S.K.: 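Input: one structure, supplied below.
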There are 2 protein chains.
Amino acid sequence: MSTRAYGEPVTEPRWLDEKQARAWRGYRRMRALLDLQITRDLAADSGLSDADYDVLSNLSETSPHRLRLTELATTMLWSKSRLSHHLTRMQQRGLVDREECAGDARGSIIVLTEAGLRAIEEAAPHHVASVRRHMIDLLTDDEIAALDALTHRVVTHLNETT
Amino acid sequence: MSTRAYGEPVTEPRWLDEKQARAWRGYRRMRALLDLQITRDLAADSGLSDADYDVLSNLSETSPHRLRLTELATTMLWSKSRLSHHLTRMQQRGLVDREECAGDARGSIIVLTEAGLRAIEEAAPHHVASVRRHMIDLLTDDEIAALDALTHRVVTHLNETT
DNA sequence: ACGCCCTTGTTGACATGTCACCAAAAGAGC
DNA sequence: GCTCTTTTGGTGACATGTCAACAAGGGCGT
């Protein structure tokens with residue numbers, strides 16, 4: 001006979017075993033600490049926030065340094081609202097600009113300005129050094145390979161989960 | 001003779017090689033997608049935010065279900081200010097309570113309420129299932145071990161960087 | 001052309017996080 | 001006991017993120 005009391009879930013939850021729990025907690029802690037450190041480095045070296053850097057980085061990787069707002073939002077996994085607000089602030093600082101979209105009067109094309117380009121070009125070397133120092137250079141080749149494989153599998157799964 | 005122009009950095013930045021870049025981008029993307037998904041699951045299953053869950057989880061893991069604010073903040077890597085604000089909101093929802101600290105009149109002891117305990121106990125199984133579904137169960141034993149080793153090494157390094 | 005529905009980007013209200021500052025109390029040195 | 005410094009937790013102003021609603025335009029069928 002079952003010992004399950006009224007209201008208890010039918011299936012006993014499958015808790016994480018010790019190794020899984022260690023890995024999960026380690027991931028969470030690394031995530032938090034790495035974020036703090038990289039944010040600090042970025043602000044100290046370049047006066048940019050993570051969000052600023054991401055926007056500039058994505059824009060600078062396109063050929064004519066411009067993207068539709070929706071496209072940029074999708075790439076960055078941001079809501080259009082969040083991006084619009086953030087771009088307004090970056091525009092006031094002269095890092096990006098908005099252009100009208102030929103062929104779609106609703107459209108807003110986000111352009112990397114000269115100042116924005118300079119900002120990301122100056123920030124990038126410091127940022128890469130920071131990423132190396134606090135993570136990449138601490139890993140073996142095998143670990144880099146494992147991280148690559150594992151993260152891409154999880155990403156694929158999450159993309160399919162819509 | 002050097003071709004370094006005036007103002008250029010003395011040392012050429014060591015960019016990431018292809019494998020490192022793939023791993024780094026994969027990590028960043030997994031981080032973002034996993035966050036979104038787990039936040040969604042948590043809200044849908046339990047009506048809690050990530051922040052709520054973290055607070056409740058840390059409190060529930062202590063013996064008498066209470067912690068000094070500073071201690072909790074340190075454990076969570078949050079600022080005292082952020083924690084204080086968040087606790088005020090959680091207190092209004094009845095999930096936690098503040099007690100005076102015997103022996104230190106400045107002190108604020110954060111207590112998990114009955115409602116808070118119920119909330120975390122109901123949320124936990126769903127949350128673990130979510131973590132499994134979107135990450136842990138997608139990894140091999142070797143990958144779990146690699147993740148464990150790698151994250152703890154990075155965490156140790158970051159802790160030493162003060 | 002017209003009606004209909006979808007997409008686009010923005011906005012304002014509100015939730016949350018950050019930062020600088022503060023009062024009160026604890027702790028250290030004398 | 002008495003300064004002086006540090007720690008503690010909180011607060012308000014402000015920066016940032018979320019959410020729902022919106023106006024304006026595109027695209028489609030007829």
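All chains are named by letter (A, B, ...) in the order of the sequence lines, taking the proteins before the strands, and each is independently numbered beginning at 1. Note that the structure is predicted; figures quoted are calculated from it, not measured.
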S.K.: Taking only residues two or more places apart in sequence or in another chain, which ones pass ring-ring contact (aromatic ring centres under 6.0 Å, His included) with A:His152?
M.R.: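 ring-ring contact (aromatic ring centres under 6.0 Å, His included) check on A:His152 returns nothing, list empty.
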
S.K.: Taking CG from A:Leu87 and P from C:dT10, how many angstroms apart are they, rounded to a whole number?
M.R.: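 Atom CG in A:Leu87 sits about 8 Å away from atom P in C:dT10.
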
S.K.: Write down the distance between CE (B:Met90) and C1' (C:dT16), rounded to a whole number of angstrom.
M.R.: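 B:Met90 atom CE is separated from C:dT16 atom C1' by 14 Å.
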
S.K.: Hey, does B:Ile144 have a side-chain heavy atom less than 4.5 Å from the side chain of B:Thr140?
M.R.: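 They are not in side-chain contact.
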
S.K.: Kindly state which residues belonging to residues 48-69 of chain B come within less than 4.0 angstrom of DNA chain C, counting heavy atoms of the residue only, listed by number.
M.R.: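 Within this stretch, nothing sits under 4.0 Å of the strand.
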
S.K.: We want to know whether A:Asp52 and A:Ser49 form a side-chain donor-acceptor pair, criterion being a heavy-atom distance below 3.5 angstrom.
M.R.: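 Present: a donor and an acceptor within the cut-off.
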
S.K.: For a side-chain contact (heavy atoms from CB on, under 4.5 Å) check, start with the C-alpha distance between A:Leu139 and B:Gln20, then their side-chain angles and the critical distance, and finish with the verdict.
M.R.: CA-CA 10 Å; A:Leu139 310 185; B:Gln20 293 169 331; over 6 Å; no

S.K.: Got a sec? Which of residues 91-98 of chain B come in under 4.0 Å of DNA chain C, heavy atoms?
M.R.: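 Heavy-atom contacts with DNA chain C come from no residue of residues 91-98 of chain B; none.
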
S.K.: Please report, rounded to the nearest Å, how far the C1' atom of D:dG17 is from the CE atom of A:Met76.
M.R.: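 Value for this atom pair: 13 Å.
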
S.K.: Which residue, A:Trp78 or A:Asp104, contacts DNA chain D at a nucleotide closer to its 5' end, judged by nearest heavy atom?
M.R.: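 Final value for this comparison: A:Trp78.
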
S.K.: Under 3.5 Å, which donor-acceptor pairs do the side chains of residues 114-130 of chain A form with other protein atoms, sequence neighbours left out?
M.R.:
unit_1	atom_1	unit_2	atom_2	d
A:Ser130	OG	A:Asp41	OD2	2.8

S.K.: Does a side-chain N-to-carboxylate-O contact under 4.0 Å join A:Arg40 and A:Asp45?
M.R.: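 Between A:Asp45 and A:Arg40 there is no salt bridge, as every charged N stays at least 4.0 Å from the carboxylate O atoms.
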
S.K.: Side chains of B:Leu87 and B:Ile110: closer than 4.5 Å at any heavy-atom pair?
M.R.: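 Sidechains of B:Ile110 and B:Leu87: in contact.
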
S.K.: Can you measure B:His86 atom NE2 to C:dT18 atom P for me and round it to whole angstrom units?
M.R.: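 To the nearest whole Å, that distance equals 12 Å.
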
S.K.: Using atom names, set out every protein N or O paired with an N or O of nucleotides 18-24 of chain D below 3.5 Å, distance rounded to 0.1 Å.
M.R.:
unit_1	atom_1	unit_2	atom_2	d
D:dT18	O4	A:His85	NE2	3.3
D:dC19	N4	A:Ser81	OG	2.3

S.K.: Provide, to the nearest angstrom, the distance between the CD atom belonging to B:Glu100 and the P atom belonging to D:dG10.
M.R.: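 Going from B:Glu100 (CD) to D:dG10 (P), I get 12 Å.
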
S.K.: Whole-Å distance between D:dT16 P and A:Arg89 CZ?
M.R.: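 Those two atoms, CZ and P, are 5 Å apart.
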
S.K.: Should A:Arg98 and A:Ile109 count as side-chain neighbours, where that means a heavy-atom distance under 4.5 Å?
M.R.: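 Side chain of A:Arg98 against side chain of A:Ile109, heavy atoms only: no contact under 4.5 Å found.
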
S.K.: Distance check needed: C:dT18 P versus B:Leu77 CG, whole Å only.
M.R.: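 Computing the B:Leu77:CG to C:dT18:P distance gives 12 Å.
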
S.K.: Give me the ring orientation class for B:Trp78 and B:His86: parallel if the planes are under 30° apart, tilted from 30 to 60°, perpendicular past 60°.
M.R.: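 Correct class here is perpendicular.
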
S.K.: Can you list the residues that meet the side chain to side chain contact (heavy atoms under 4.5 Å, CB included) rule with A:Glu100, with sequence neighbours excluded?
M.R.: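 Applying side chain to side chain contact (heavy atoms under 4.5 Å, CB included) to A:Glu100 gives none.
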
S.K.: Quick one: B:Lys80 NZ to D:dT8 P, roughly how many Å, whole number?
M.R.: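 Spelled out: NZ on B:Lys80 to P on D:dT8 is 5 Å.
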
S.K.: Taking atom types as modelled, find out whether B:Gln92 and B:Arg89 have a side-chain donor-acceptor pair closer than 3.5 angstrom.
M.R.: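 Side-chain D/A pair, B:Gln92 to B:Arg89: absent.
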
